[in-house]
Amino acid sequence: MHALVIGSGGREHSIVKSFAESVLIEQIFVSPGNAGTDEIAVNVIIDLKNHEAVVQFCKLQNIGLVFIGPEDPLVDGLCDSLRAADILVVGPSKKAAQLEGSKIFAKKFMEAAGVPTAKADIVNSVESTMAAAKNYTAPYILKADGLAAGKGVFICRTLEILESAAKKIFVEKTLGAAGETALLEQNLPGTEISFLVLTNGETFQALPLAQDHKRLLNKNLGPNTGGMGTVAPMDIPHYLYHKIIEKVIQPSVDQLKKENYLFYGILFVGLMIVDNEPYVLEYNVRLGDPETQVILPLIKNDIGKVFHDLAQGQLEELSFTNKKSICIVNAAAGYPGNPVKDTPIHLPIGFQPDVYILHAGTKLDANGYIRSNGGRVLNVIAIDETFEKAKNKALELNAKINFEGRQYRTDIGNYQSKRQDT
Ligand code: AMP
Ligand code: GLY
């Protein structure tokens with residue numbers, strides 16, 4: 001079978017790597033891909049907004065499975081266009097993708113499903129935001145309704161900061177149409193968990209729990225980012241795990257069914273655990289980045305087969321290794337504000353199956369050398385018996401990367417190491 005993977009990040013390199021190991025998949029195309037996917041697949045440029053062009057490519061190359069990494073094509077309804085042409089794809093319908101595409105749609109879905117979430121008001125101006133804020137306590141959370149490439153959530157310590165965030169969204173319109181409306185939401189202080197499930201809109205298969213580290217610097221300091229590192233499986237008490245299933249995951253999947261959504265894909269539930277109670281922060285309708293990089297290596301099944309089945313609405317029973325995995329993100333200088341691009345990168349050679357580098361924002365220059373091409377540039381992945389060992393192995397390989405100005409955290413895995421190893 002031939003497969004097409006859409007996207008260009010570390011998540012997509014991870015999927016391509018798993019597809020390359022699948023007995024079902026003979027050839028992989030990636031659009032647009034990166035310098036890493038170029039080594040094991042064929043990078044192709046397709047205008048992803050032109051659905052007819054994607055369909056034509058799939059027909060021409062006899063593509064038996066399409067896997068879409070990022071949210072934009074999903075929210076844009078690419079799955080509907082592919083399915084209308086009888087092409088198998090993993091992902092929700094355009095309607096169901098609104099769970100990620102609109103925070104207000106998602107909040108209404110959560111309320112209909114009866115899952116615990118922060119209380120929120122819909123606002124659409126500075127005045128309505130400040131009026132609603134009277135019923136909330138600091139820090140104030142203001143979330144633009146639409147997709148904003150990770151820049152749509154403002155965590156505001158004071159009313160003054162909230163007012164300036166509301167001005168940015170509603171007056172300066174920095175987020176464009178994504179910021180026509182927004183949610184003002186109650187702050188939830190706690191521990192974040194990424195809980196991802198494969199679902200056919202009726203039942204689900206849980207993936208190992210992952211923990212993302214959103215802040216740029218060690219000890220969770222510095223600005224928010226797309227994610228500077230992950231660990232999996234996250235170790236939480238059994239009773240809490242079952243509470244999450246019972247109060248959040250099962251009712252969410254039941255609601256998909258009630259709404260009759262076509263959802264052969266991944267439901268990513270962003271949770272905040274407050275005093276041992278789970279609350280939904282957000283839904284995503286795709287695999288996470290960098291969650292994928294630590295989740296996929298723990299799955300023993302053939303990933304190509306798992307997703308080929310899922311694209312047909314079938315859920316395969318998953319089995320997992322007992323190992324721990326860790327991902328350290330290397331970001332460009334200037335990230336998350338204005339990442340420096342085109343920096344030359346020199347990588348060590350000779351990776352092992354359990355410690356390796358995945359590419360994210362990289363490209364090949366005219367001479368075939370690797371250069372940076374984005375905010376998050378490289379991922380170092382390590383898998384071992386304990387988080388301690390995985391972390392040490394990852395840091396050892398990380399030290400061999402030569403890439404000027406790179407930023408990375410050295411504390412990914414610390415908390416889990418303590419829980420697991422002492
Ligand atoms: P979201 O895109 O909704 O997940 O928000 C991005 C990040 O903002 C989350 O990963 C959290 O770290 C933070 N966040 C969002 N909503 C809340 C909330 N109600 N309380 C505390 N932190 C939040
Ligand atoms: N790592 C969070 C996300 O993929 O949205």
Side-chain angles (χ1 to χ4, degrees), residues 7-12 14-15 68-72 74-75 97 99-107 109-110 115-121 133 136-157 162 165 175 178-179 182-196 207 209-216 220-232 234 266-275 277-296 327-329 331 336 360 375-376 379 412:
S8 64
R11 166 182 51 206
E12 286 75 20
S14 181
I15 292 160
I68 303 173
E71 58 274 25
D72 295 81
L74 293 167
V75 172
L99 284 176
E100 178 158 2
S102 162
K103 301 267 188 207
I104 295 171
F105 181 97
K107 193 59 108 180
F109 180 94
M110 289 172 211
V115 301
T117 181
K119 79 163 179 172
D121 274 289
Y136 292 80
T137 49
Y140 305 94
I141 314 281
L142 187 63
K143 297 182 170 183
D145 180 51
L147 289 184
K151 297 195 165 74
V153 176
F154 297 81
I155 300 174
C156 312
R157 268 186 301 109
L162 175 65
L175 300 175
L183 281 181
L184 181 68
E185 189 169 288
Q186 182 57 53
N187 175 57
L188 296 171
T191 306
E192 277 191 75
I193 298 181
S194 303
F195 199 129
L196 287 80
L207 296 173
L209 297 187
Q211 186 169 45
D212 195 0
H213 297 69
K214 299 253 184 200
R215 301 296 196 100
L216 181 70
N220 292 330
L221 298 173
N224 249 330
T225 71
M228 291 299 292
T230 34
V231 292
M234 199 186 172
I266 298 113
L267 185 66
F268 171 147
V269 186
L271 292 167
M272 188 70 89
I273 308 298
V274 188
D275 295 333
E277 289 295 330
Y279 293 85
V280 179
L281 290 184
E282 63 162 350
Y283 292 117
N284 296 320
V285 297
R286 52 174 173 78
L287 287 176
D289 188 341
E291 282 87 348
T292 306
Q293 293 88 313
V294 288
I295 290 174
L296 294 188
C327 166
I328 298 173
V329 171
R376 292 183 292 170
N379 305 154
I412 310 293

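Just follow the structure's listing: the first ligand is 1, and inside any ligand the first atom is 1. Please read all numbers here as calculations on a predicted model, not as lab measurements.
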Under 4.0 Å from one or more heavy atoms of Asn284, ligand 2 contributes atoms 5 (O)
Any heavy atom of Gly226 closer to ligand 2 than 4.0 angstrom? yes
Among Val280, Asn187, Val153, Leu188, closest by heavy atom to atom 8 (O) of ligand 1 is Val153
Just by distance, no angles: are the side chains of Thr230 and Asp212 close enough, under 3.5 Å, to form a donor-acceptor pair? no
In ligand 1, the atoms that come under 4.0 Å of a heavy atom of Lys103 are 1 (P), 2 (O), 3 (O)
Does Gly227 reach ligand 2, in the sense of a heavy atom lying below 4.0 Å from it?
no
- Query: Is the backbone of Gly222 close enough, under 3.5 Å, to the side chain of Arg215 for a donor and an acceptor to pair up by distance?
  - Reply: yes
Closest to atom 3 (O) of ligand 1 among protein heavy atoms sits Lys143 NZ, 3.0 Å
Please check this pair: side chain of Arg376 against backbone of Gly226, looking for a donor-acceptor N/O pair closer than 3.5 Å.
yes
Under 3.5 Å donor-acceptor, Thr117 side chain and Val280 backbone:
yes
Ligand 2 to Asp212, heavy atom cutoff 4.0 Å, flagged ligand atoms 1 (N), 2 (C)
So the atoms of ligand 2 within less than 4.0 Å of a heavy atom of Gly288 turn out to be 4 (O)
- Going by heavy atoms in the side chains, are Arg286 and Ile266 under 4.5 Å from each other? no
Backbone or side-chain N or O of Lys214 under 3.5 Å from ligand 2 N or O: no
heavy-atom search around atom 22 (N) of ligand 1 in the protein gives Met272 CE, 3.8 Å
Judged by heavy atoms only, the candidate from Leu281, Asn224, Leu142 nearest atom 18 (C) of ligand 1 is Leu281
Check whether any N or O atom of Arg11, backbone or side chain, sits under 3.5 Å from an N or O atom of ligand 2, and answer yes or no.
no
among protein heavy atoms, the one nearest atom 13 (C) of ligand 1 is Ile155 CD1, 3.8 Å
Please check this pair: side chain of Glu100 against backbone of Ala97, looking for a donor-acceptor N/O pair closer than 3.5 Å.
no
Result for ring-ring contact (aromatic ring centres under 6.0 Å, His included) between Tyr283 and one of Phe268, Phe109, Phe195 points to Phe109
Note: ligand 1 atoms sitting under 4.0 Å from heavy atoms of Lys214 are 10 (O)
protein heavy-atom neighbour closest to atom 5 (O) of ligand 2 works out as Arg286 NH2, 2.8 Å
Looking only at heavy atoms, the pair that brings Val285 and Leu99 closest together is CG1-CB, 4.0 Å
Residue, atom and distance of the protein heavy atom nearest atom 12 (O) of ligand 1 read Glu192 OE2, 2.5 Å
Is the side chain of Asp145 donor-acceptor paired with the backbone N or O of Ile104 at a distance under 3.5 Å, no angle test? yes
Under 4.0 Å from one or more heavy atoms of Glu291, ligand 2 contributes atoms 1 (N), 2 (C), 4 (O)
Under the criterion salt bridge (Lys or Arg N to Asp or Glu O under 4.0 Å), I'd like the reasoning laid out for Lys107 against Glu185: C-alpha separation, chi angles, the key distance, then a yes or no. CA-CA 10 Å; Lys107 193 59 108 180; Glu185 189 169 288; 3.0 Å; yes
